[in-house]
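Remember, it's a predicted structure, so these values are computed and weren't measured experimentally. Whatever order the structure lists ligands and atoms in, that order sets their numbers, starting from 1.
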Amino acid sequence: MEVRNFVNGVLETTVRTLDNVTPGTGEVYGTIPRSGPEEVNRAVAAAKRAFPAWSSTPAAERAACLERLADAVRDNAPLLAEAEARDNGKPVSLAAHVDIPRAEKNLRFYASGIQHFASQSHAMEGEAINYTLRKPLGVVACISPWNLPLYLFTWKVAPALAAGNCVVAKPSELTPATAYLLSTWVEEAGFPPGVFNVLHGLGPEVGEAMVTHDDIAAVSFTGGTQTGARIAGHVAPKFKKMSLELGGKNPAIVFADADFDEALRTTLRSSFANQGQICLCGSRILVERSIYDAFRDALVAKASKMVAGDPLDLATKMGAVVSESHMSKILSCIERARDEGGSVLCGGNRVFPKGGENGFFVAPTVIEGLGPNCATNQEEIFGPVVTLQAFDTEEEALALANNTVYGLAATLWTTDLKRAHRVAAKIDSGIVWVNTWLLRDLRTPFGGVKASGLGREGGFEALEFFTEPQNICIQL
Ligand code: NAD
């Protein structure tokens with residue numbers, strides 16, 4: 001696939017390119033543009049020109065463009081699912097059931113959301129009336145990662161466009177395919193030229209040129225914590241708005257009174273779904289000591305049976321990790337866990353499925369015997385690697401759960417209702433799931449605390465981010 005930039009309503013011819021590799025076989029299967037400041041300048045200028053008309057287009061008409069784009073996603077769902085699996089290494093069944101339907105939903109959700117978005121009015125008895133206008137910001141930058149490519153790309157551009165902003169968006173250079181396909185349907189969906197631009201290339205080149213551009217009013221970023229800190233360093237001194245969704249080291253706490261089978265089944269999923277490459281995956285599993293051995297043995301038995309295979313095969317449940325360098329990083333983290341004294345109970349190695357001998361596959365890995373402060377239990381690995389730790393009391397479980405610089409999500413397994421409320425409120429994270437995982441209502445605030453980020457996405461939170469409130473006070 002030859003990926004192209006989409007600027008000012010035109011799919012551009014690419015001059016400089018990068019190779020695009022498919023993780024299932026390790027082969028180069030296409031090219032992507034290697035964009036830089038020049039492309040960013042053109043895209044931002046086009047977006048700036050388009051802003052006055054787009055921001056004064058009625059919300060219902062902007063919503064109709066988003067709905068038509070959602071229709072294109074629906075009509076091309078099998079093509080998109082296959083493109084996602086080939087580009088990212090995830091099982092095509094996962095892309096077909098999760099990524100692509102969710103991308104369609106994101107577009108429809110904000111098409112509807114903007115038409116229900118209201119602002120406040122404050123009456124000063126007999127004296128004055130205040131009302132708040134929520135004005136679009138101008139040209140905004142949306143930068144997304146490779147783990148849920150179209151899912152997270154649309155999660156940002158949909159509220160930005162719905163709120164009346166013009167967008168310059170960049171998917172990860174590792175997984176550009178589905179954002180490119182989406183860009184080929186933007187014109188047909190009715191977006192005027194310049195409203196929605198999509199650039200491709202390396203983060204430090206095109207991404208950095210986007211966030212440092214003076215005409216970019218706000219940056220919405222999802223990715224690694226280090227990248228987020230670098231972006232904040234550029235954006236904060238210019239007082240631009242920013243929303244940062246960053247890494248995690250999420251705890252899954254299993255109390256002895258939990259529904260054992262349900263906790264086990266879901267913990268397997270929260271550990272290894274998408275090869276463990278979801279920011280919400282639980283990577284530190286904390287189990288009450290009285291059920292620790294039974295839970296560990298059952299988890300290891302199930303994880304050992306998960307066989308990695310061709311991402312494009314409908315039967316595959318476990319695909320490849322995103323790149324060779326990411327695979328090497330994951331394998332070196334497992335080596336480090338061994339050096340720290342951890343016992344690798346299953347997995348721990350690269351695997352070579354038939355036909356994918358040069359692909360990037362890592363076996364599901366469960367490690368025990370490590371203390372809470374070692375690097376393995378502190379640093380994000382972002383692969384199919386989890387650790388197990390035992391605890392004796394609720395206080396100890398909480399202390400272990402909160403013993404991290406991150407604070408994105410936590411999962412809690414208990415049938416004691418009082419404990420569920422008590423413990424959930426004491427966990428330092430933006431999201432807590434009780435007796436479930438990854439159950440998402442798009443109206444809820446989504447994001448993390450501490451090193452997991454700044455600000456919230458989801459529901460009206462995203463529309464608030466992508467608008468500036470202005471108070472108007474009228475004396476009566
Ligand atoms: P990354 O930080 O390497 O890249 C993310 C995006 O930023 C990519 O598009 C990349 O090209 C771009 N980028 C890189 N350097 C840049 C720079 N200097 N300036 C501007 N843009 C730049 O992250 P990744 O490896 O693609 O994604 C994995 C990370 O994302 C993990 O840490 C994961 O936890 C995190 N993540 C967080 C969430 C969340 O909602 N909190 C969701 C998914 C992934």
Original post:
Which heavy atom of the protein is the closest neighbour of atom 18 (N) of ligand 1, given with residue, atom name and distance?
Top reply: Glu208 OE1, 2.7 Å

**OP:** May I ask you to decide whether Arg34 forms a salt bridge with Glu205, counting only side-chain N to carboxylate O separations under 4.0 Å?
**Re:** yes

Subject >> Option of least heavy-atom distance to atom 42 (C) of ligand 1 (set: Gly447, Ser452, Cys279, Ala409) >> reply: Cys279

**OP:** In sequence, state the C-alpha distance, the side-chain angles, and the governing distance for Asn5 and Ser35, and then conclude on side-chain hydrogen bond (donor to acceptor under 3.5 Å, both in side chains).
**Re:** CA-CA 8 Å; Asn5 286 333; Ser35 316; 2.9 Å; yes

Subject >> Ring-face cation contact, Tyr406 with Lys450, 6.0 Å cut, 45° max >> reply: no

Subject >> For atom 8 (C) of ligand 1, the protein heavy atom that lies nearest, with its residue and separation >> reply: Ser144 O, 3.4 Å

Original post:
Is there a heavy atom of Gly453 sitting under 4.0 angstrom from any atom of ligand 1?
Top reply: no

Subject >> Carboxylate-amine/guanidinium contact Glu379 Lys249, below 4.0 Å >> reply: no

**OP:** For Arg230, counting its heavy atoms only, list the atoms of ligand 1 lying under 4.0 Å from any of them.
**Re:** 18 (N)

**OP:** Output the list of atoms in ligand 1 that are nearer than 4.0 Å to some heavy atom of Asn147, sorted by atom number.
**Re:** 43 (C), 44 (C)

**OP:** Using a strict 4.0 Å cut-off to heavy atoms of Phe446, name the atoms of ligand 1 that fall inside it.
**Re:** 40 (O)

**OP:** Look at Arg42 together with Glu12 and state whether they make a salt bridge at an N to O cut-off of under 4.0 Å.
**Re:** yes

Subject >> Contact check, Pro171 vs ligand 1, heavy-atom distance below 4.0 Å >> reply: yes

**OP:** Give the residue, atom name and distance (to 0.1 Å) of the protein heavy atom nearest atom 2 (O) of ligand 1.
**Re:** Thr227 OG1, 2.6 Å

Original post:
Is there a protein heavy atom less than 4.0 Å away from atom 21 (N) of ligand 1?
Top reply: yes

**OP:** Starting from atom 27 (O) of ligand 1, locate the nearest protein heavy atom and write down its residue, its atom name and how far away it is, to 0.1 Å.
**Re:** Pro145 CB, 3.4 Å

Original post:
Looking only at non-hydrogen atoms, which of Thr222, Val322, Ile381, Ile143 approaches atom 5 (C) of ligand 1 most closely?
Top reply: Thr222

**OP:** Go through the steps to decide whether Thr376 and Glu340 satisfy the test side-chain hydrogen bond (donor to acceptor under 3.5 Å, both in side chains), and finish with yes or no.
**Re:** CA-CA 8 Å; Thr376 305; Glu340 288 180 321; 2.4 Å; yes

Original post:
Between Arg134 and Glu468, does at least one N-O distance fall below 4.0 Å, as a salt bridge requires?
Top reply: no

Original post:
Going by the atom numbers of ligand 1, which of them fall below 4.0 Å from some non-hydrogen atom of Glu173?
Top reply: 10 (C), 11 (O)

Original post:
When you look at Arg296 and Glu368, which way does the salt bridge (Lys or Arg N to Asp or Glu O under 4.0 Å) test go after all the steps?
Top reply: CA-CA 9 Å; Arg296 172 198 60 203; Glu368 73 169 355; 3.3 Å; yes

Subject >> Nearest-contact summary for atom 41 (N) of ligand 1 - protein heavy atom, Å >> reply: Leu246 O, 2.8 Å

Subject >> Between CG on residue Leu150 and CG on residue Leu181, distance to nearest 0.5 Å >> reply: 8.5 Å

Original post:
Quick one: do Glu208 and Arg230 make a salt bridge, cutoff under 4.0 Å?
Top reply: yes

Original post:
For the atom pair CG (Leu412) and OG (Ser429), what is the distance rounded to the nearest 0.5 Å?
Top reply: 10.0 Å

Original post:
Gly223 to ligand 1: N or O pair under 3.5 Å?
Top reply: yes

**OP:** Quick one: look up the protein heavy atom nearest atom 13 (N) of ligand 1 and list residue, atom name and how far away it is.
**Re:** Gly203 CA, 3.3 Å

Subject >> Which segment of Leu174 sits under 4.0 Å of ligand 1 when only heavy atoms are counted >> reply: neither

Original post:
Among protein heavy atoms, which sits nearest to atom 23 (O) of ligand 1, and what does the distance come to when rounded to 0.1 Å?
Top reply: Gly224 N, 3.3 Å

Original post:
How far is atom 34 (O) of ligand 1 from its nearest protein heavy atom, and which residue and atom is that?
Top reply: Glu380 OE2, 2.6 Å

Original post:
If you measure from OG on Ser172 to CG on Leu202, what distance do you get to the nearest 0.5 Å?
Top reply: 9.5 Å

**OP:** Mark up the atoms of ligand 1 that fall under 4.0 Å of a heavy atom belonging to Gly207, in ascending order.
**Re:** 19 (N), 20 (C), 21 (N)

Subject >> Any donor-acceptor N or O pair under 3.5 Å, side chains Glu27, Thr22 >> reply: no

Original post:
Which atoms from ligand 1 have a heavy atom of Glu245 less than 4.0 Å away?
Top reply: 37 (C), 39 (C), 40 (O), 41 (N)

**OP:** Check ligand 1 against Trp146 and write out every atom of the ligand that is under 4.0 Å from a heavy-atom position of the residue.
**Re:** 24 (P), 25 (O), 26 (O), 27 (O)

**OP:** Please could you name the atoms of ligand 1 that Leu152 approaches to less than 4.0 Å, counting only its heavy atoms?
**Re:** 42 (C), 43 (C)

